[in-house]
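First comes the structure, then the notes that go with it.
The figures that follow rest on heavy atoms only: side chains count, while hydrogens, waters and symmetry mates do not. Please read all numbers here as calculations on a predicted model, not as lab measurements.
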Amino acid sequence: MKKITVWLLLLAILAGTVSCGGNGENASTTETTPSETEAPPVYVELISEGKALYQIVRPEDTTDAVKQAAIAFRNEIEAYTGVKLTITSDLYAKHTPNYETKCEILFGMTSYPETEQVLSKCGYGDYAIEVIGNKLVIAAYEDENLARACNAFSSVLFTKERGNSLKFTKEELTLSRSVNKIISGLPVFAGKGETSVIDCADQNYMLLVEKTDQASFEAYCGELAQKGYSLYTTHQAAENRFSTYVNEEYTVNVQYFSTRKQIRAIVEPKGALPPIVADAFTATVEPSVTMLGLEYDGNQIGLGMIFRLSDGSFLILDGGNNKAAFMSRFYNKLRELAPDPNNIRVRAWFFSHAHTDHVGTFLQFTNTYCGKITVDRFVFNFATNGVYDSITSGANRGLSAETRKAVKRWTNSEVIKAHTGQVFRFADATVEILYTGEDAYPVAWRDGNTESLVFRVTLGGQTILCLGDEYIDSSDILCGVYGNYLRSSILQASHHGRNGATSALVSMISAETVLWPGGYGDFATGDKLCLRDYNVRMLALCKDLYIAGSQGVTLKLPYTAQNNKDAVMGK
């Protein structure tokens, strides 16, 4: 038997590839040059007569999903053959003597060169199974596609006769597939850091690189350029860098967060892009910011803000609750503010997040007024259903789908998925996206308000920071990422002044003027929100406070107390 094995090994060396078979010693398997005398077929034998000839090696530092997938893979083979394979990690396996000669199934993104060789042929969105020497490599960049690779292996496994032996030809174990063309549009990251791929909904996928540096960010931007992407725009906020690249098929937003040591590259099908150069305009009105009055039966139920630009066009944030009265009030306010009430142009309608008290008015508004005003574009960033399902409170899965559906009814409007670092320019207004729910990935959200957009509007010589309903998670991220870069003239109090923002965040913003979306009752009586820690700090820093109440408030810009003396003062 030993002589036969030596003969097979000699044949393997001539063929150029080594695998495992027979009694567990090295045997050969490779493609051969066609000749009049074909070499006998050589098999990769995982199990022989009840004895496991291979062990499974997974990465030491990996996700729970990969660990469980390795166990499921092992259990499936055991159920088919009655033989259990050993599972170990690459850390331990590579510390055993002569590990290179051992017969192993390399599962996932191991540190073995054979895994690296297989992955070098893959893009994100792909999986591959391949035999290299005495290693069977099963690999993918994403956990989801590793699971698909296991399914592909199972399909081959089920063609084999059940029993206490298991062997395959090399051709049977050469499998690959491109599962996701969009994420495959990203170049594979070759710099410093640990990578993962995250589904961000709406055909957006994020390559997250952690423990990285700015040099790797710059190198990756260079790789995008080499792959045929053109630079659309760049932006810097504090020590953070943002670049947008486009080709004929895709848009890639690449973000580098200095203090987090992260690169986030988000790829999506090419579509509408933020206008980065303001079009020419004629100033006809005084710019202003309006906070809608949404107090109802003693309760404050929503957020709605309208920014009037100097040419009479508008930017809108949310709108308010789904009561019909608010829909009519909202439309009437637009008509009141518009130079021509019969020609209302909204340059961008931003949705902070899909909660009823923020998008409800828009849903009602669409039913009645779709087509009666012009909306150039809608801007939002909603999560996947999987993210919503994991939220313990304030989930908004159904409303996000309903809002997307309503947006589609505005057939002449563009739709832009907001990403941190984007800058929009409209007439004399600039909008800078500072946070989206994507920035919290991969950490599970504690609350649906973690999704809320945070952006800053510069208009009429003022900076107005809109927090929406941002939550504790985003407060911590904003403070850590931007610091004093957050300093702004006017602040929209987070989550109607209820909870969410932290004292540290409002200290960094240090706004002298605060727009409080809530009602008078909530502010000073009843819940006495003014006594909550972050509100106490915010009120100590500001000079002027305006409470929306039931009537709302409009401030002329640039803001001074003198030119707004007719506005209702809450302080």
Side-chain angles (χ1 to χ4, degrees), residues 55-77 85-94 104-112 114-116 118-120 122-129 135-154 176-177 179-180 182-184 186 188-201 204-212 216 257 260-267 383-392 437-446 450 473 477:
Q55 66 175 357
I56 299 171
V57 179
R58 62 157 176 81
E60 170 68 19
D61 185 13
T62 191
T63 63
D64 288 339
V66 171
K67 294 175 183 177
Q68 293 303 315
I71 293 171
F73 178 82
R74 187 264 309 274
N75 291 347
E76 190 165 56
I77 292 176
L85 277 64
T86 299
I87 299 179
T88 187
S89 75
D90 52 5
L91 176 65
Y92 293 101
K94 292 176 74 173
E104 295 172 321
I105 301 172
L106 307 182
F107 190 88
M109 295 177 64
T110 75
S111 57
Y112 278 66
E114 291 87 353
T115 298
E116 183 178 349
V118 170
L119 284 174
S120 69
C122 295
Y124 302 112
D126 303 341
Y127 69 75
I129 301 175
K135 312 298 183 187
L136 169 57
V137 182
I138 302 176
Y141 287 104
E142 308 104 310
D143 295 354
E144 187 177 69
N145 283 331
L146 185 61
R148 290 189 172 104
C150 291
N151 290 336
F153 176 87
S154 297
S176 65
R177 184 183 173 193
V179 178
N180 187 326
I182 298 172
I183 190 64
S184 294
L186 280 178
V188 173
F189 180 80
K192 174 184 177 182
E194 301 173 356
T195 63
S196 59
V197 175
I198 300 170
D199 183 353
C200 297
N204 283 230
Y205 297 90
M206 176 195 296
L207 170 64
L208 171 62
V209 186
E210 301 186 87
K211 301 178 183 178
T212 189
S216 296
F257 297 98
R260 302 180 83 184
K261 300 187 183 305
Q262 291 179 343
I263 296 170
R264 293 169 180 258
I266 304 164
V267 60
T384 64
N385 288 337
V387 171
Y388 293 142
D389 290 343
S390 68
I391 298 172
T392 56
E438 291 170 345
D439 298 343
Y441 297 156
V443 177
W445 298 355
R446 286 179 282 186
T450 299
D473 305 311
I477 291 171

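- Contact annotation: the side chain of Ile183 never approaches that of Tyr141 to less than 4.5 Å [non-hydrogen atoms, C-beta and beyond].
- Counted by atom type alone, Asp126 and Ser184 present one or more donor-acceptor pairs between their side chains at under 3.5 Å.
- Remark: Asp389 pairs with Arg397 by the salt bridge (charged side-chain N to carboxylate O under 4.0 Å, His left out) rule, at least two apart or across chains.
- A side-chain donor-acceptor contact under 3.5 Å links Ser154 and Glu76.
- In terms of the salt bridge (charged side-chain N to carboxylate O under 4.0 Å, His left out) criterion, residue partners of Lys211 (sequence neighbours excluded) are, by chain and number, Glu194.
- Applying the side chain to side chain contact (heavy atoms under 4.5 Å, CB included) criterion to Ile71, with sequence neighbours excluded, gives Gln68, Arg74, Asn75, Ile87.
- Judged as a salt bridge (charged side-chain N to carboxylate O under 4.0 Å, His left out), and not counting sequence neighbours, the contacts of Asp473 are Arg446.
- Residues Ala265 and Leu186 come closest through the heavy atom pair O-CD1, 4.0 Å.
- Applying the salt bridge (charged side-chain N to carboxylate O under 4.0 Å, His left out) test to pairs two or more places apart or on separate chains, those with a residue in residues 138-152 are Glu144-Arg148.
- Note: Phe73 and Phe107 meet the aromatic proximity criterion, with ring centroids under 6.0 Å apart.
- Within a 6.0 Å radius of NZ in Lys94, more than 12 heavy atoms belonging to other residues, nucleotides or ligands are found.
- Every residue two or more places apart in sequence or in another chain that forms a side chain to side chain contact (heavy atoms under 4.5 Å, CB included) with Asn204 is listed here: Cys200, Asp202, Ile266, Glu268, Lys417, His419.
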